[in-house]
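A short write-up of the structure that comes next.
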Amino acid sequence: MSEVIAGIEIPETALVRQATALVRSAADETLFHHSRRVFLWGSLKAAARGLPVDPELAYVGGLFHDLGLTKSYATADRRFELDGAEAARTFLLDHGRPEEDARNVWLAIALHTTPEIPLHLAPEVAVVTLGVETDVLGLDLAEIGEEQRAEVVAAHPRVDFKNRILRAFRDGMAGRPETTFGTMNDDVLAYFDPEFERKDFVEIIKGSAWPE
């Protein structure tokens, strides 16, 4: 029997089971529960907005979106979002999903820290951002009923989540601070490390190799 949380059915497929096992093995409890909540929040909001979302793709997008913060999938020189996106694309292609599906999930994960743009792309892209913005930032939380919120959190607890997710971001990006340029991720490193120096976009333009 399929698992149902707050009215959202977790697809009972081999792909979903293997995605769950992969993320379970790579992520700690904070990231795993967060990733499942992202799928659930995103699915609830997508349904309310009439977005037709493929549930398997939404699940992989939600589950893999922070995989690049884990030791098993983090690289040394690119944004963590790209690490998770690449892992998801490979996973979906290996499981027989077409390139277009894999590309949409790649975009969903690669762009999930880029506000607004994902919401104007395919539903499988938008659903991940909707879930992330709900769980991390609390945006439009009132769109989800109190009973639904309670059921999701009962299944996937938010134990000291605000502090724990910030530490997970810090731990996943501290070794590659240059990859945070131009993103909100540099706010996290600046919060934890007073010696972190942000790159200034204006100064980069003014100091470029182009002559005046």
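The first residue of the sequence shown is numbered 1, and numbering continues consecutively from there. Computed from a predicted structure; not experimentally measured.
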* T75 backbone acceptor or donor facing R176 side chain under 3.5 Å -> yes
* Is S25 reaching over with its side chain to a backbone N or O of L22, donor-acceptor style, under 3.5 angstrom? -> yes
* Connected via hydrophobic side-chain network under 4.5 Å: L121 and L82 -> yes
* To do: Only one of N185, D186, T180, D187 passes side chain to side chain donor-acceptor pair (under 3.5 Å) with T183; say which it is.
  => N185
* To do: Evaluate the salt bridge (charged side-chain N to carboxylate O under 4.0 Å, His left out) criterion for residues E56 and R97: first the C-alpha distance (whole Å), next the side-chain angles of each, then the deciding distance (0.1 Å), finally the verdict.
  => CA-CA 10 Å; E56 280 192 331; R97 296 303 297 251; 2.6 Å; yes
* Hey, mind stepping through V4 and I10 against side chain to side chain contact (heavy atoms under 4.5 Å, CB included) and telling me if it holds? -> CA-CA 6 Å; V4 178; I10 311 297; over 6 Å; no
* Output, in order, the C-alpha distance, side-chain angles, deciding distance and verdict of salt bridge (charged side-chain N to carboxylate O under 4.0 Å, His left out) for E29 and R164. => CA-CA 10 Å; E29 289 293 299; R164 290 185 179 186; over 6 Å; no
* **Pairwise side-chain contact, R167 with D160, heavy-atom cut-off 4.5 Å (strictly under)** => yes
* **salt bridge (charged side-chain N to carboxylate O under 4.0 Å, His left out) evaluation trace for E12 with R17** => CA-CA 7 Å; E12 183 59 33; R17 288 193 297 272; 2.9 Å; yes
* **Exam field: side chain D66 to backbone L69, donor-acceptor pair closer than 3.5 Å** => no
* Single-linkage hydrophobic cluster F201~M184, side-chain heavy atoms < 4.5 angstrom -> no
* Does a donor on one side chain sit under 3.5 Å from an acceptor on the other, for H156 and R37? -> no
* Asked: Is there a donor-acceptor contact under 3.5 Å from the side chain of E3 to the main chain of E9?
  -> no
* Tell me, do R79 and T113 make a side-chain contact under 4.5 Å, heavy atoms counted? -> yes
* **Quiz item: cation-pi between R24 and F32, 6.0 Å / 45°** => yes
* Using a cut-off of 6.0 Å, state whether more than 12 heavy atoms not belonging to E197 lie near its atom CD. => no
* Taking C-beta and beyond as the side chain, do R36 and Y59 meet within less than 4.5 Å on heavy atoms? -> yes
* Asked: Which heavy-atom pair separates I165 from K162 by the least distance, and what is that distance?
  -> CG2-O, 3.5 Å
* Asked: Do F91 and V105 have side chains that get closer than 4.5 Å, going by heavy atoms?
  -> no
* To do: Kindly indicate, with the supporting measurements, whether the criterion side chain to side chain contact (heavy atoms under 4.5 Å, CB included) is fulfilled by Q18 and H95.
  => CA-CA 10 Å; Q18 290 171 29; H95 284 77; 2.4 Å; yes
* Asked: Does some side-chain heavy atom of F169 sit less than 4.5 Å from a side-chain heavy atom of L189?
  -> no
* Taking every non-hydrogen atom, the tightest pair across G68 and D83 -> CA-CB, 3.6 Å
* Could you give me the CA-CA distance, side-chain angles and deciding distance for R158 and D135, then say whether salt bridge (charged side-chain N to carboxylate O under 4.0 Å, His left out) is met? => CA-CA 9 Å; R158 288 175 53 94; D135 206 50; 3.0 Å; yes
* Following the transitive rule for hydrophobic clusters with a side-chain heavy-atom cut-off under 4.5 Å over Ile, Leu, Val, Met, Phe, Trp and Tyr, establish whether Y73 and F64 coincide in one cluster. => yes
* Structure fact -> Minimal heavy-atom distance between P123 and L51, with the atoms involved, is CB-CB, 4.2 Å
* **Contact summary for G61 and I109, nearest pair of heavy atoms** => O-CG1, 3.8 Å
* Asked: Where the side chain of E81 meets the backbone of A110, is there a donor-acceptor pair that is under 3.5 Å apart?
  -> no
* Asked: Where do A26 and L67 come nearest, in terms of heavy atoms and distance?
  -> CB-CD1, 3.9 Å
* Check whether any side-chain heavy atom of F192 lies under 4.5 Å from a side-chain heavy atom of L166, and answer yes or no. => yes
* Parallel, tilted or perpendicular for H34 and H65, by the 30°/60° rule? -> perpendicular
* To do: State yes or no: are the ring centers of H112 and F80 separated by less than 6.0 Å?
  => yes
* Asked: Under the criterion side chain to side chain contact (heavy atoms under 4.5 Å, CB included), which of V136, T129, L130 is the partner of V132?
  -> V136
* Going through the distances and angles, do L57 and L92 end up as a side chain to side chain contact (heavy atoms under 4.5 Å, CB included)? -> CA-CA 9 Å; L57 299 184; L92 287 167; 4.0 Å; yes
* Using atom types as modelled and distance alone, determine if a side-chain donor or acceptor of D140 lies under 3.5 Å from a backbone N or O of E143. => no
* Side-chain contact test, heavy atoms from C-beta onward, threshold under 4.5 Å: evaluate it for Q148 versus I8 and give yes or no. => no
* **R103/E100 under side chain to side chain contact (heavy atoms under 4.5 Å, CB included): CA gap, chis, key distance, verdict** => CA-CA 5 Å; R103 182 65 175 174; E100 182 180 0; 5.6 Å; no
* To do: Would you mind telling me which of V38, L141, L40 makes a side chain to side chain contact (heavy atoms under 4.5 Å, CB included) with T134?
  => L141
* Asked: Is the number of heavy atoms from other residues, nucleotides or ligands under 6.0 Å of F196 CZ greater than 12?
  -> yes
* Going from CD1 on I5 to OG on S43, what distance comes out if it is rounded to the nearest 0.5 angstrom? -> 10.5 Å
* Asked: So do F39 and V128 actually touch side chain to side chain, heavy atoms under 4.5 Å?
  -> no
* Looking only at non-hydrogen atoms, find the nearest pair between P11 and V16 and report the distance. => O-CG1, 3.2 Å
* Under 3.5 Å, side chain of R149 to main-chain N/O of I144, donor-acceptor pair present? -> yes
* Just how far is it from atom CZ of R78 to atom CD of E178, taken to the nearest 0.5 Å? -> 13.5 Å
